[in-house]
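For ligands, and for the atoms within them, numbers begin at 1 and follow the listed sequence. Predicted model only: the values in this text are computed from it and were never measured.
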Amino acid sequence: MHKIGILTSGGDCQGLNAAIRGVAKSLYNEFHDDVEIYGIQNGYYGLIHGDIKKMSKEDFSGILTLGGTILGTSRQPFKMMRVIDDVTGIDKVKNMKANYRKWGLDCLVVLGGNGTHKSANMLSEEGLNVVSLPKTIDNDVWGTDMTFGFQSACDIATNVIDCIHTTATSHGRIFIVEVMGHKVGWLTLHAGIAGGADIILLPEIPYDTEKIAAYLNKREQSGKNFSILAVAEGAISKQEAAMKKKELKALRATETYPSVSYKVAAELREYMSNEIRVTVPGHFQRGGSPCAYDRVLCTRFGAAAARLIKEQNYGNMVGLRNGEIVPVPLSEVAGKLKKIPLDCPLINEAREVGISFGD
Ligand code: F6P
């Protein structure tokens with residue numbers, strides 16, 4: 001009997017259940033039902049504390065379209081993994097290894113983003129058999145062209161910008177729509193283009209408020225009575241980008257803006273008297289059913305993960321490269337971030353249709 005543990009870790013996203021289902025159904029098929037699947041609750045937390053339950057085949061039925069994760073999730077920062085808990089004295093890594101052995105697992109399947117992959121690689125280096133799947137609405141996992149969750153979140157963020165368009169035109173206002181993504185701007189870039197935003201501000205391209213204001217004024221002079229900015233959570237000004245990390249942290253501590261969009265709005269008000277409104281869809285972007293693309297991708301990733309387990313090809317993430325699902329060594333994935341390259345064709349094409357990046 002093969003025993004496989006499965007967990008979902010980090011921020012949730014659409015498609016987690018579709019991917020869990022893909023792994024489970026393929027495992028039952030690959031092993032002709034000679035397999036037991038153990039659901040580890042709330043990510044690595046469940047592995048640390050032994051919160052694990054045996055799943056039945058039925059648990060994986062009817063969940064293809066279900067949002068969230070049936071296993072629960074939590075954030076367990078990688079940098080804290082080797083820190084012994086002051087109060088409880090818990091050694092997290094020791095506990096995870098002990099629980100893996102106690103439950104007699106042959107492999108741990110991990111669904112997660114960047115932080116999750118650092119921990120997955122650590123567990124693999126510690127001798128556990130690990131196979132992982134890349135999830136996040138940010139699409140910033142190195143080694144895969146696409147993470148699941150991204151396309152669904154992109155549809156939602158695009159819909160927000162679409163809806164804002166109608167109210168922005170009615171009132172002749174400037175609207176700032178804040179899109180999730182602290183470190184990378186893939187979601188903002190795609191949703192901004194898909195939603196027809198006039199300006200897109202990304203963490204990868206520091207902005208200049210004066211340039212944004214000049215662009216907005218020019219648009220107004222050309223007869224457009226409204227403008228829409230798609231702004232990533234992690235958008236940063238040129239002055240801030242030039243600061244040392246410590247200096248920036250100190251500045252952030254003095255600021256009282258609820259989020260970056262309010263800051264951009266305040267900066268723009270220094271240059272113009274137009275009405276400016278801010279819309280922050282926030283975690284709405286991570287909720288609800290996965291779109292068709294993600295359902296397909298999750299199914300492919302799930303089947304590929306089960307195949308790797310059957311072949312005992314551990315220590316890999318399943319990734320999408322040029323349309324093919326391929327194994328990518330966890331040691332290559334861990335610790336890297338897939339940012340938007342500045343020579344990314346999409347950025348150039350966006351500029352060609354007149355979109356400004358505020359630079
Ligand atoms: O999981 C990725 C993400 O949604 C980012 O886009 C966002 O910046 C962050 O998580 C929000 O984190 P939390 O769910 O902890 O508020």
Side-chain angles (χ1 to χ4, degrees), residues 7-20 42-45 67-69 71-80 110-120 132-144 146-161 176-192 194-195 200-204 230-236 240 248 252 257-264 278-291 294 297-298 301 317 333-340:
L7 65 83
T8 52
S9 166
D12 74 343
C13 70
Q14 301 91 337
L16 279 165
N17 289 323
I20 292 169
N42 302 317
Y44 290 117
Y45 184 91
T69 160
L71 299 174
T73 187
S74 66
R75 291 196 189 276
Q76 300 288 318
F78 173 71
K79 62 176 182 205
M80 298 305 289
V110 170
L111 284 68
N114 278 308
T116 301
H117 275 88
K118 284 194 215 167
S119 299
S132 72
L133 286 77
K135 71 90 231 204
T136 166
I137 64 166
D138 293 341
N139 192 27
D140 59 355
V141 176
W142 190 91
T144 183
M146 190 57 66
T147 58
F148 66 84
F150 174 76
Q151 296 287 349
S152 304
C154 194
D155 284 353
I156 294 177
T158 301
N159 189 32
V160 172
I161 300 173
I176 300 177
V177 179
E178 189 169 301
V179 180
M180 271 188 155
H182 269 299
K183 292 185 181 154
V184 301
W186 290 110
L187 189 56
T188 311
L189 178 61
H190 280 249
I200 296 177
L201 303 185
L202 307 171
E204 290 90 342
V231 175
E233 278 177 317
I236 185 167
E240 290 167 334
L248 183 59
R252 292 274 185 261
Y257 305 107
S259 67
V260 65
S261 293
Y262 293 90
K263 183 182 164 110
V264 172
V278 169
T279 296
V280 184
H283 292 76
F284 190 69
Q285 293 161 92
R286 289 201 331 221
S289 286
C291 65
D294 275 334
L297 185 63
C298 289
F301 277 156
M317 176 187 86
V333 177
K336 294 191 192 129
L337 189 65
K338 192 182 71 187
K339 289 188 172 199
I340 306 175

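- Between Lys338 and the options Thr147, Asn139, Thr144, Asp138, a side chain to side chain donor-acceptor pair (under 3.5 Å) holds for only Asn139.
- Checking side-chain atoms of Gln76 against main-chain N and O of Tyr44 turns up no donor-acceptor pair under 3.5 Å.
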For ligand 1, output the ligand-protein N/O contacts shorter than 3.5 angstrom; if there are none, return none.
from	atom 1	to	atom 2	distance (Å)
ligand 1	4 (O)	Arg286	NH1	2.9
ligand 1	6 (O)	Asp138	OD1	2.7
ligand 1	6 (O)	Asp138	OD2	3.3
ligand 1	6 (O)	Gly181	N	3.3
ligand 1	8 (O)	Glu233	OE1	2.6
ligand 1	10 (O)	Arg75	NH2	3.0
ligand 1	10 (O)	Arg286	NH1	3.2
ligand 1	12 (O)	Arg75	NH2	3.0
ligand 1	14 (O)	Arg75	NH2	3.3
ligand 1	14 (O)	His283	NE2	3.1
ligand 1	14 (O)	Arg286	NH1	2.8
ligand 1	14 (O)	Arg286	NH2	3.0
ligand 1	15 (O)	Arg75	NE	2.9
ligand 1	15 (O)	Arg75	NH2	3.3
ligand 1	16 (O)	His283	NE2	2.9

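- The salt bridge (Lys or Arg N to Asp or Glu O under 4.0 Å) contacts involving residues 176-185 comprise nothing, where partners must be two or more places apart or lie in separate chains.
- Ser152 is linked by a side chain to side chain donor-acceptor pair (under 3.5 Å) to Asp294, counting only residues two or more places apart in sequence or in another chain.
- In this structure a side-chain-to-backbone donor-acceptor pair under 3.5 Å is present from Thr73 to Gly10.
- Evaluation of the ring-ring contact (aromatic ring centres under 6.0 Å, His included) rule for Phe78 yields no partner, not counting sequence neighbours.
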